[in-house]
Amino acid sequence: MEELNEVYDYAKEHMEKSLEVLKKDFSTIRTGRVSTHIVDNIKVDYYGTPTPLNQVGSVIATDAQTITISPWEKNLLPEIEHAIQQANIGVNPNNDGETIKLFFPPMTVEQRQESAKQAKQMGEKAKIAIRNIRREANDKVKKLAKEKVITEDEEKKGLDQVQKITDDYIKKVDELVKAKEQEVLKV
């Protein structure tokens, strides 16, 4: 049934986007190794325009616990420093007049557990999004039945298929969360 396939495609496409958002959210969680993604959400006041940090200079992880930011314009150092302090990412910027270095101390057990908890919360958010997509897909199936485009049997099969797709994506979220927790808790 073509109309039902469109509903399934809609559900899969949108649930896939929820997984992508979850992966992007995960990249902001701190793990044992420092990642430049930790500064992805920091915006610098670039001549009155909030601009992502990685667009005003190079951001590199120089080792497992240090991020170095080299601005393309030296006069931006105070702005970058201020933006990092405002972002409250758990470290103070060190400005040497050329670059800004962020030294991340090794994570404590509590910090690791907090990061794992964050991952779980992000996973729950993704599951809620997936369930909302399921509801929309189910509504579309019911509408097709109401408009007599599909039979009652096809409606039941359609709702079952939407549930199967949903279960698959919920399982994928659980796997991603579990993997992220293991990554965070591994010393």
Side-chain angles (χ1 to χ4, degrees), residues 12-130 133 168-187:
K12 287 177 189 166
E13 181 188 330
H14 286 76
M15 289 179 186
E16 199 57 49
K17 284 181 184 156
S18 296
L19 284 185
E20 292 308 312
V21 168
L22 178 62
K23 288 175 189 168
K24 192 170 181 295
D25 285 349
F26 277 175
S27 70
T28 64
I29 293 180
R30 182 158 174 226
T31 60
R33 262 192 81 69
V34 75
S35 159
T36 58
H37 290 299
I38 202 158
V39 297
D40 278 357
N41 298 331
I42 297 177
K43 302 262 192 277
V44 177
D45 182 2
Y46 184 68
Y47 302 107
T49 306
T51 308
L53 186 56
N54 62 5
Q55 289 179 18
V56 296
S58 76
V59 179
I60 52 170
T62 37
D63 61 43
Q65 293 168 332
T66 313
I67 291 178
T68 303
I69 300 145
S70 307
W72 289 310
E73 299 172 34
K74 297 295 175 237
N75 62 331
L76 285 176
L77 282 167
E79 292 295 344
I80 293 171
E81 198 173 359
H82 179 73
I84 292 168
Q85 287 166 334
Q86 293 301 303
N88 195 11
I89 55 173
V91 292
N92 284 317
N94 295 303
N95 181 345
D96 64 12
E98 291 290 315
T99 61
I100 290 179
K101 285 191 166 68
L102 305 176
F103 298 106
F104 291 85
M107 288 176 79
T108 64
V109 172
E110 290 78 20
Q111 286 171 317
R112 288 176 187 279
Q113 288 167 340
E114 187 53 42
S115 287
K117 205 165 93 183
Q118 260 184 312
K120 254 196 183 105
Q121 289 166 340
M122 290 171 175
E124 283 309 309
K125 210 171 83 180
K127 286 182 186 180
I128 290 168
I130 287 169
I133 296 161
D168 281 349
Y169 278 91
I170 295 285
K171 194 172 153 211
K172 288 178 185 177
V173 167
D174 286 336
E175 288 165 3
L176 285 171
V177 169
K178 191 173 176 208
K180 190 65 179 181
E181 283 179 324
Q182 286 172 341
E183 179 190 347
V184 168
L185 297 171
K186 187 179 78 196
V187 179

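None of these values were measured; they are calculated from a predicted model.
Taking the charged nitrogens against the carboxylate oxygens, Lys117 and Glu114 do have a contact shorter than 4.0 Å, which makes a salt bridge. Taking the charged nitrogens against the carboxylate oxygens, Glu181 and Lys178 have no contact shorter than 4.0 Å, which rules out a salt bridge.
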- Task: For side chain to side chain contact (heavy atoms under 4.5 Å, CB included), just list the numbers for Ile42 and Ile89, CA-CA rounded to whole Å, side-chain angles, deciding distance to a tenth of an Å, and then say yes or no.
- Result: CA-CA 10 Å; Ile42 297 177; Ile89 55 173; 4.2 Å; yes

- Item | CA sep, side-chain torsions, deciding dist, call: Lys17, Glu20, salt bridge (Lys or Arg N to Asp or Glu O under 4.0 Å) | CA-CA 5 Å; Lys17 284 181 184 156; Glu20 292 308 312; over 6 Å; no

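When atom types are taken as modelled, the side chain of Glu79 and the backbone of Leu76 share no donor-acceptor pair closer than 3.5 angstrom.
Counting all heavy atoms, side chain and backbone alike, Thr66 lies closest to Val34 at N-CG1, 3.7 Å. Closest non-hydrogen pair, Val184 versus Ala116, comes out as CG1-N, 3.8 Å. Across Phe103 and Asn94, no two heavy atoms sit closer than the pair CD1-ND2, 2.7 Å. Taking each heavy atom of Leu22 and Gly123 in turn, the nearest pair found is CD1-N, 3.7 Å. Residue Ser115 comes nearest to Met107 through the heavy atom pair OG-CE, 3.5 Å, listed as atom of the first residue, atom of the second, then distance. Of all heavy-atom pairs between Leu77 and Glu98, the closest is CD1-N, 3.9 Å.
Under a cut-off of 6.0 angstrom, the local environment of NZ in Lys23 is crowded, with over 12 non-hydrogen atoms contributed by other residues, nucleotides or ligands. The environment of Lys125 atom NZ is sparse: at most 12 non-hydrogen atoms of other residues, nucleotides or ligands sit within 6.0 angstrom.
For the pair Lys172 and Tyr169, the cation sits on the ring face: its NZ or CZ lies under 6.0 Å from the ring centre, inside 45° of the axis.
Proximity of Ile69 to Ile84: side-chain heavy atoms (C-beta onward) are separated by under 4.5 Å at one or more points. Proximity of Asp45 to His82: side-chain heavy atoms (C-beta onward) are nowhere separated by under 4.5 Å. Residues Leu102 and Val39 meet the side-chain proximity criterion, which asks for heavy atoms closer than 4.5 Å. Between Pro71 and Ile100 the shortest side-chain heavy-atom distance does not fall below 4.5 Å. Between Val177 and Met122 there is no side-chain heavy-atom pair separated by less than 4.5 Å.
To the nearest 0.5 angstrom, Glu110 atom CD is 6.5 Å from Gln113 atom CD. In this structure, Ile80 CD1 and Tyr46 OH are separated by 10.5 Å, a value rounded to the nearest 0.5 Å. A distance of 10.5 Å separates CZ in Phe104 from CD in Gln111, rounded to the nearest 0.5 Å. Atom CG of Asp40 is separated from atom NZ of Lys24 by 6.5 Å, given to the nearest 0.5 angstrom. Atom CD of Gln86 is separated from atom NZ of Lys43 by 15.0 Å, given to the nearest 0.5 angstrom. We find the CD-CG distance between Glu16 and Leu19 to be 5.0 Å, quoted to the nearest 0.5 Å.
Counting only N and O atoms by type, the side chains of Thr28 and Asp25 include no donor and acceptor under 3.5 Å apart.
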